[in-house]
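Hydrogens, waters and symmetry mates play no part in the numbers below; they use all other heavy atoms, side chains included. Order of listing sets the numbers, starting from 1, for every ligand and every atom in it. Counting from 1, the numbers follow the sequence of the chain as shown.
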Amino acid sequence: MNNIVSLVTGAGGEIGHSLIEALAERGIPILATDLRPLPPPIARRCYRVIVGDITEPELHGQLLQIGFRRVFHLAAVLSSQAEREPEAAHRVNVEGTLRLLQTTHRMAKRHGEPISFLFPSSIAVYGIPSLDEKRRAGRVREEQYLTPMTIYGANKLYCELLGLYYARFYRRLAPEPEAGWIDFRALRFPGLLSAFTVPTGGTSDYAPEMLHAAAQGKPYHCFVRPDTRIPFMAMPDAVHAMLLLAEAPTSALRSHVYNVTAFSASAEEIATEARRLFPQAHITFEPDPRRQAIVDTWPEALDDSAAQRDWGWAATHDWERTFSEYLASNIRRRYQRAIT
Ligand code: SER
């Protein structure tokens, strides 16, 4: 995929930081957009940066002018934040995605060839009705429990369908098989753990927040119960999954949406690990009923066998490698540098 200009929306967010590093290392030219200016080290990795709102036509005019051949659409309002302002979340998460699908289709038509559109979806698309059912369900497959309780989950699920609709509708209309259409591919991510950034507005945020607070010796009040269990993945694996799926041949893909996961853990297990790695940690549990209710409907584990089968997905960071190798050393270094 070298030399293919890749558009990254929401470039200043959690996944954006790591994805841009990875694309830049592969020599891929990056056209980045975000609502706010990017931090200079990230901006330097991009060949063009546009600051603007993904829902505004002006931004799309600029994107069309510059041009791109692949899309990583990361811009979104995450689940807890979205519950606080559902209409605003819908505007960004759904209308922003719809506009970008339209822009991508125009771009694909102009080039007369398909453009891959990578869409990070989420465990939030699932909605399991009770804790008993959640424990019984175990590893959830892509077609199960698609009754999200949050606006964010509903937005993501709808955008998966919207992407599929665009892919099919415009492919049907394309004059020849290879003419411009959208090659839409979605990944349902579990909670993500990054050593370099802390997410904002998500509900799986308790895990990264706990670790980053522990490394700084700051007290942390975890907003879910100790027995809360959901799947997680280290950020390098999230980026690895996006790139692997982006590069998979269309003929290998039997679906347009895939679960990916690495391991599942309870909040208590993560707190124990945080205390082991950072003995100055001070973690207490003070569940917030609204945020607890959200994670209680998310699966405790994901079945990612379809991704393994179709495009050779396999997580490279298990629990041990995520914590002892990736998180411990990088988080330690990050805050040591901040202190000294
Ligand atoms: N990590 C996201 C959130 O908590 C889920 O995709 O909102």
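- The closest side-chain heavy-atom distance from Y326 to R321 is not below 4.5 Å.
- Using a 4.0 Å cut-off between a side-chain N of Lys or Arg and a carboxylate O of Asp or Glu, R69 and E113 qualify as a salt bridge.
- Side chain to side chain, E14 and T197 meet the donor-acceptor criterion of an N or O pair below 3.5 Å.
- Sorted by chain then number, the residues whose non-hydrogen atoms approach ligand 1 to under 4.0 Å are L78, S79, S122, Y152, G202, T203, S204, W298.
- L78 belongs to a hydrophobic cluster whose other members, connected by ILVMFWY side-chain contacts under 4.5 Å either directly or through intermediates, are Y152.
- A search for side chain to side chain contact (heavy atoms under 4.5 Å, CB included) contacts involving P148 returns A154, L157, not counting sequence neighbours.
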Just distance, no hydrogens or angles: give the donor-acceptor pairs under 3.5 Å from side chains in residues 29-36, sequence neighbours left out.
residue : atom : partner : partner atom : Å
D34     : OD1  : R36     : N            : 3.1
D34     : OD2  : A11     : N            : 3.3
D34     : OD2  : G12     : N            : 2.7

